[in-house]
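Below, chain A is the first sequence line, B the second, and so on; all start at residue 1.
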Protein chains: 2
Amino acid sequence: MNEKTDLPWDSPRFRNWLAVTRVCHAVERASAAALAPLGLKPAQLDVLMALYRHPGMSQHDLARKLLIGRSNITMLLPQLETRNLVLRSTCKKDKRVLRLCLTGEGESLLMKALDVQAALIEKVMSQSSPGECDMLGDQMRKVADILDIE
Amino acid sequence: MNEKTDLPWDSPRFRNWLAVTRVCHAVERASAAALAPLGLKPAQLDVLMALYRHPGMSQHDLARKLLIGRSNITMLLPQLETRNLVLRSTCKKDKRVLRLCLTGEGESLLMKALDVQAALIEKVMSQSSPGECDMLGDQMRKVADILDIE
DNA sequence: GTCTTTTCGTTCATGATTGAACCATTCCGT
DNA sequence: ACGGAATGGTTCAATCATGAACGAAAAGAC
C-alpha cells in the first residue's frame, strides 16, 4: 500500500491560494495601521468608497456590495453619521429604505484615506509588472464569477 | 485648471488589488460555511494546519506564523484542547513555553477539513491554468517579501 | 551570584461581526 | 381592496480579535 497520502499542500492551487489569503490578511492589518491616524478603520473606508461610487445607495445594497450582513451596516453607519461623513435620508418612494450619501466632509476624508491606501497598495504591488497585475485581477474576477458576487 | 483628479480606481494596481481582497473575503465566508459541518472555523483550521506542519511549535511562533496576536492563540487553543484535537505540554528546557502538537484525533479531523477546503479551493481556482496559478502565487510571495512575513 | 531586561503565556476590557428575531412598509395574488 | 409574502432596517445576544497590563521564567550585564 502507498503510505504517501496526497496532501493538499502538494496541489499548486491549494498552496498558491494559501499565499493569497495570508498576504491579504497581512495587507489588511497594514491598512488598518496606516488608516489609524485618520481615525478610520478598513471597514469604514470600504463604506466610504462604496458610497462615493454609488451615491444614494440603500443599506441593503451596500451590505451586498461589501459582502457583509445588513446588521453590520446598521452598526457601522452611526459612527460615520455622527462624524458628518455620511448622510442618511429616507427615500420618498419607499419609506423603508434609507438612501446613503457622502457629505463634503466625508468625501474629503475619503480622498485623504485613498491617498494612504493607494500608497500602501502601490508599495505592496510594486514588484508586479502591469501585465502580471492585470492577470492577477483577471483571475480574481474569474473567481468572483464562480462565487457569483456581482 | 484640471478638474479631473486622478482617482485611485484609475490605477490598475489599486483596482486589481481590490478584486483580490474582495474575493478573499468571499472565499473566507464560503470556507466558513463549508467547514461548519465539521464544527471547525477557519481560524481553527489554520491552527491545525500550522501544527501539522510544525509539530511542537510554541504559541508565540504559532501566533507569528498565523499573523495574529498571542492572546488570540490563548483564546483559540482551549477549544481545540478540550476537543482532544491538540495537546499542550510544557517544554522542559524552558518552562515558559508550551509545545503544541496535534493528537491523532486532531490529525484525522484535519484531514477531513483539508478535503473540504481543498475542494473549495479547487473549485474557486478552476479557471486558472497552472501557469496563471503559479504566477499568482509568485506575486503573492513577492508581496509577502515586501511586508516581510517570514 | 544579583539585578535588569526579555520573552512566553494569560487576563481583561473593548470594539467588531454575525445571525436570528423583530417591526414597518411594500408587493402581489385573488 | 384585502391579506399574506417579501423586503429594508434595527435590535440583541453570542462570538471573536485585539492590545495593554500582568506574572513567571529565562537571558544578559556586571
Hits for salt bridge (charged side-chain N to carboxylate O under 4.0 Å, His left out) against B/Arg88, two or more places apart or cross-chain, chain-then-number order -> B/Glu81
Length of the CD-C1' vector between B/Gln59 and D/dA25, whole Å = 15 Å
Please indicate whether A/Arg15 has more than 12 foreign heavy atoms, meaning atoms of other residues, nucleotides or ligands, lying under 6.0 Å from its CZ.
-> yes
Taking the hydrophobic residues Ile, Leu, Val, Met, Phe, Trp and Tyr, and joining any pair whose side-chain heavy atoms are under 4.5 Å apart, which ones share a cluster with A/Val97?
-> none
Does B/Gln79 have a side-chain nitrogen or oxygen under 4.0 Å from the phosphate oxygens OP1 or OP2 of D/dT15?
-> no
With B for base contact, S for sugar-phosphate-only contact and - for none (protein heavy atoms under 4.0 Å), nucleotides 19-26 of chain C reads BB----BS
Any idea which heavy atoms bring B/Gly39 and B/Arg83 closest together, and the distance?
-> O-NH1, 2.8 Å
Side-chain atoms of residues 65-77 of chain A: list all donor-acceptor pairs with protein atoms under 3.5 Å, sequence neighbours left out, distances to 0.1 Å.
{"residue": "A/Lys65", "atom": "NZ", "partner": "A/Glu150", "partner atom": "OE2", "Å": "3.2"}
{"residue": "A/Thr74", "atom": "OG1", "partner": "A/Arg70", "partner atom": "O", "Å": "3.3"}

In whole angstrom, what separates A/His60's NE2 from D/dA6's P?
-> 14 Å
Length of the line joining A/Met57:CE and D/dG9:P, which is rounded to integer Å = 11 Å
Partner set under side chain to side chain contact (heavy atoms under 4.5 Å, CB included) for A/Lys112, not counting sequence neighbours = A/Leu38, A/Ser108
Test salt bridge (charged side-chain N to carboxylate O under 4.0 Å, His left out) applied to A/Asp138 - qualifying residues, sequence neighbours left out | A/Arg141
Side chains of residues 23-37 of chain A: which donor-acceptor partners sit under 3.5 Å, not counting sequence neighbours?
{"residue": "A/Ser31", "atom": "OG", "partner": "A/Gln117", "partner atom": "OE1", "Å": "2.9"}
{"residue": "A/Ser31", "atom": "OG", "partner": "A/Gln117", "partner atom": "NE2", "Å": "3.4"}

Which sits closer to the 5' end of DNA chain C, A/Ala43 or B/Ser58, going by the nucleotide each is nearest to?
-> B/Ser58
What integer distance in Å separates A/Met75:CE from D/dT15:P?
-> 16 Å
Between the first and last five pairs of the helix from C/dG1-D/dC30 to C/dT30-D/dA1, the angle of the axes, rounded to 10 degrees | 30°
Those residues that, when tested against B/Arg99, pass salt bridge (charged side-chain N to carboxylate O under 4.0 Å, His left out) (two or more places apart) | none
Side chain to side chain contact (heavy atoms under 4.5 Å, CB included) partners of A/Thr103, counting only residues at least two apart = A/Leu87, A/Glu105
Would you please name every residue forming a salt bridge (charged side-chain N to carboxylate O under 4.0 Å, His left out) with A/Asp94, sequence neighbours left out?
-> A/Arg96
In whole angstroms, the gap separating P of C/dT11 from CG of B/Leu76 amounts to 15 Å
Between P of D/dA17 and CG of B/Leu67, the distance in whole Å = 14 Å
Between P of C/dC8 and CG of B/Leu77, the distance in whole Å = 15 Å
Mind calculating the distance between CD1 (B/Ile73) and P (D/dG19) to the nearest angstrom?
-> 13 Å
For DNA chain D, what residues of residues 80-88 of chain A have any heavy atom nearer than 4.0 Å?
-> A/Arg88
Kindly point out which of D/dA17, D/dG9, C/dT18 is positioned nearest to the side chain of A/Leu98?
-> D/dG9
